[in-house]
Amino acid sequence: MVGLVVVSHSAKAAEGICEVAAQMGSAKAELVAAGGEEDGEIGTSAPKISEAIEAAADDDGVVVLVDLGSAVMNAELAIEMLDADYEVRIADAPILEGTLNAAVTAAGSRATLESVLESAEDAREYRKLG
Amino acid sequence: MVGLVVVSHSAKAAEGICEVAAQMGSAKAELVAAGGEEDGEIGTSAPKISEAIEAAADDDGVVVLVDLGSAVMNAELAIEMLDADYEVRIADAPILEGTLNAAVTAAGSRATLESVLESAEDAREYRKLG
Amino acid sequence: MVDDDIQREAVHAAIEAVADRLVAEKAYLTDLDSAIGDADHGANMSRGFTKVADKVEELDGDVGEIVKTVGVTLVSEVGGASGPLYGGSIMHASQELGDGLTSETSVAFAEAYLDKVQDRGNAEVGAKTMVDALTPAVHSYKKAIEVDDLPPLTALAKAVDAAERGVQFTVPLRARKGRASYLDWRSVGHQDPGATSTLFILEELLAVAE
Amino acid sequence: MVDDDIQREAVHAAIEAVADRLVAEKAYLTDLDSAIGDADHGANMSRGFTKVADKVEELDGDVGEIVKTVGVTLVSEVGGASGPLYGGSIMHASQELGDGLTSETSVAFAEAYLDKVQDRGNAEVGAKTMVDALTPAVHSYKKAIEVDDLPPLTALAKAVDAAERGVQFTVPLRARKGRASYLDWRSVGHQDPGATSTLFILEELLAVAE
Ligand SMILES: Nc1ncnc2c1ncn2[C@@H]1O[C@H](COP(=O)(O)OP(=O)(O)O)[C@@H](O)[C@H]1O
Ligand SMILES: Nc1ncnc2c1ncn2[C@@H]1O[C@H](COP(=O)(O)OP(=O)(O)O)[C@@H](O)[C@H]1O
Ligand SMILES: [Mg+2]
Ligand SMILES: [Mg+2]
Ligand SMILES: [Mg+2]
Ligand SMILES: [Mg+2]
């Protein structure tokens with residue numbers, strides 16, 4: 001199963017987003033929160049993200065959802081530091097909405113890294129009103 | 001100042017998103033989290049949203065950020081139930097990214113309800129990679 | 001128009017029957033919602049209507065007020081989509097019962113309720129939601145009373161029959177609204193929880209009316 | 001190429017001087033970041049380099065290894081943009097110091113460091129970031145050594161002078177990258193914290209070299 005890692009500057013936000021996503025559909029995606037710095041302060045942490053990626057990973061790879069620009073930088077660094085033999089991709093998607101989409105797709109039996117990433121990025125088109 | 005209310009199905013997510021947004025810039029926006037049901041379960045609550053809108057409000061009005069469709073329904077209901085004499089608008093925006101944008105705009109000296117709403121909705125165009 | 005006390009009693013009996021039924025169907029509704037949602041529709045409906053039954057026991061306002069309280073209570077007790085949809089729409093439609101419960105006001109109530117559900121949720125028929133049970137039920141009820149001049153009990157039986165078809169109709173559809181829409185094609189083949197609870201409520205209203 | 005022990009000592013002294021300076025400038029950097037960021041750049045840099053100084057004290061590998069440890073430590077201690085930018089780029093550029101610290105390897109280090117900062121952060125010159133101090137500093141240093149054949153100390157003095165101009169240059173600019181970019185026009189008129197800490201580090205390297 002494609003794993004999902006949620007990287008926010010806030011540990012609470014990352015966990016809360018995983019909570020909401022864990023409720024989508026019956027089949028469960030592999031969701032790991034990596035929010036805040038090592039000590040829980042607001043920020044992101046490359047080592048923490050690396051660990052989360054490893055926890056979420058299996059051979060199908062991992063999609064990483066991020067909130068802000070410096071989360072992207074730390075996620076990239078985490079990926080370089082891991083040098084894993086599975087693929088890890090950062091989604092260019094709104095963090096909560098992308099995680100929900102990705103969780104539903106990842107839980108599907110025909111999910112691939114590409115399809116999970118694409119569904120996360122489709123969340124950019126998601127409209128809430130009207 | 002235009003107030004902001006963050007409505008997520010998860011109390012943690014709503015609070016965490018406010019935490020991240022509270023760190024944007026020196027001037028502080030009025031941010032109130034309204035996540036989860038009354039008892040903290042995953043869901044949203046119209047009465048809880050009403051209270052949060054009242055707590056965030058002054059004459060300049062309130063912009064409400066939401067996660068999923070049923071959050072929109074409860075936010076609309078909360079607004080109808082309040083029948084307030086200030087304006088309350090729901091942003092058609094990704095919740096975390098929209099809240100960050102809106103918080104920065106709301107803290108600016110020339111902010112209006114329209115400009116805050118627009119900046120929240122501009123977050124739909126926000127790209128994280130490249 | 002029948003006596004106020006009799007009306008109040010009928011409404012109380014209906015609410016109790018609905019609450020009992022939804023408590024009995026809790027596991028079933030939860031199963032339906034776990035397939036295409038978040039597995040809480042049974043808990044939402046049984047908790048919501050149990051609170052409603054408690055609340056309403058003490059009330060002795062007119063029927064409109066009692067029904068309004070049903071809505072208000074659901075809105076504050078039910079945090080999912082069904083809270084604003086059931087609760088908010090009942091609150092809104094309760095205005096139509098100002099003159100008590102007659103076959104005319106019951107049609108007006110049903111229509112106002114359907115309108116509000118559609119307005120709030122923006123779901124068309126065929127989106128695999130409660131609207132698919134509700135729309136044919138309300139249409140059948142209105143036609144039976146206003147066109148065919150049938151007694152309310154017969155009209156209500158037709159509404160239940162229509163809702164039943166609506167529930168079956170949701171099974172092969174792809175969800176376009178609500179949480180189930182996230183599942184997209186994977187929602188096909190599953191029965192909609194909200195349409196099902198709508199049917200259960202109508203069945204109980206019929207049973208009490210009989 | 002000077003003796004290994006002397007190099008190691010010079011690097012240790014430089015790290016200590018940088019750490020002391022960043023601790024001394026903590027409040028100032030925080031003030032700068034509070035105007036256009038989240039008021040943590042002072043804490044990030046002072047905490048990060050204090051840990052670096054502690055960590056590095058015990059090390060006795062070659063210069064490349066010591067500098068790599070500086071990067072790794074910053075990466076794990078600093079959770080803001082400056083963590084991956086400073087730490088990750090130092091880690092990457094430390095590869096250029098395999099043959100010890102010479103004027104050639106120092107140029108290669110500086111270029112690799114700048115490349116990585118630009119690559120990681122995607123900020124052009126003029127985006128009001130550390131890149132605005134770093135780019136002219138690295139360009140001046142390289143030209144002084146490779147074209148003008150000046151001694152490293154003179155080259156470093158030119159780099160400091162260039163970084164100083166870069167810091168001043170950030171003041172009137174509108175931020176296009178990092179947190180400050182959220183402020184858009186309101187970022188104009190404020191000095192960039194990361195460019196400023198870059199200057200402070202270069203100043204300390206110069207002071208130690210002298
Ligand atoms: N936009 C909508 N319009 C009409 N009905 C909807 C809408 N969204 C959801 N529903 C109904 O609500 C039901 C789910 O209710 P419930 O499980 O209590 O809420 P939630 O989906 O928030 O957990 C669905 O089965 C569907 O019938
Ligand atoms: N994309 C980027 N490219 C280059 N430098 C950047 C970028 N984003 C931020 N910076 C630098 O980082 C500094 C802020 O660092 P810091 O306050 O430690 O991190 P954060 O902004 O995450 O709180 C800015 O002043 C700027 O110089
Ligand atoms: Mg549900
Ligand atoms: Mg729910
Ligand atoms: Mg900062
Ligand atoms: Mg920070």
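Chain letters run A, B, ... following the sequence lines, proteins first, then strands; residues in each count from 1.
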More than 12 heavy atoms of other residues, nucleotides or ligands under 6.0 Å from CG of B:D39: is that the case? yes
Quick one: do C:M91 and B:M81 satisfy side chain to side chain contact (heavy atoms under 4.5 Å, CB included)? Show the steps, please. CA-CA 10 Å; C:M91 261 169 70; B:M81 281 162 54; 4.1 Å; yes
With a 6.0 Å cut-off (strictly less than), is the heavy-atom count around CD of C:E9, excluding the residue itself, greater than 12? no
Interface residues of residues 108-123 of chain C facing chain B - heavy atom cut-off under 4.5 Å: C:K116, C:R120, C:G121
What part of B:E76 is in contact with chain C, defined as an atom under 4.5 angstrom from a non-hydrogen atom: side chain, backbone, both or neither? both
Heavy atoms only, distances under 4.5 angstrom: which of B:G36, B:P47, B:S45 has the most pairs with chain C? Name it, please. B:P47
I need the contact set between residues 177-189 of chain C and chain B: heavy-atom distance under 4.5 Å, sorted by residue number. C:R179, C:Y182
What pairs of donor and acceptor atoms, side-chain ones from residues 86-96 of chain B against any protein atom, are under 3.5 angstrom apart with sequence neighbours left out?
{"from": "B:E87", "atom 1": "OE2", "to": "B:R89", "atom 2": "NH1", "distance (Å)": "3.4"}
{"from": "B:R89", "atom 1": "NH1", "to": "B:E114", "atom 2": "OE2", "distance (Å)": "3.0"}
{"from": "B:D92", "atom 1": "OD1", "to": "A:K128", "atom 2": "N", "distance (Å)": "2.7"}
{"from": "B:D92", "atom 1": "OD2", "to": "A:R127", "atom 2": "NE", "distance (Å)": "3.0"}

Filtered by a 4.5 Å non-hydrogen cutoff, the part of residues 71-81 of chain C contacting chain B is C:V75, C:S76, C:E77, C:V78, C:G79, C:G80, C:A81
Honestly, the part of B:E41 sitting under 4.5 Å from a heavy atom of chain C is neither
Other residues, nucleotides and ligands only: do more than 12 of their heavy atoms fall within 6.0 Å of CD on B:E38? yes
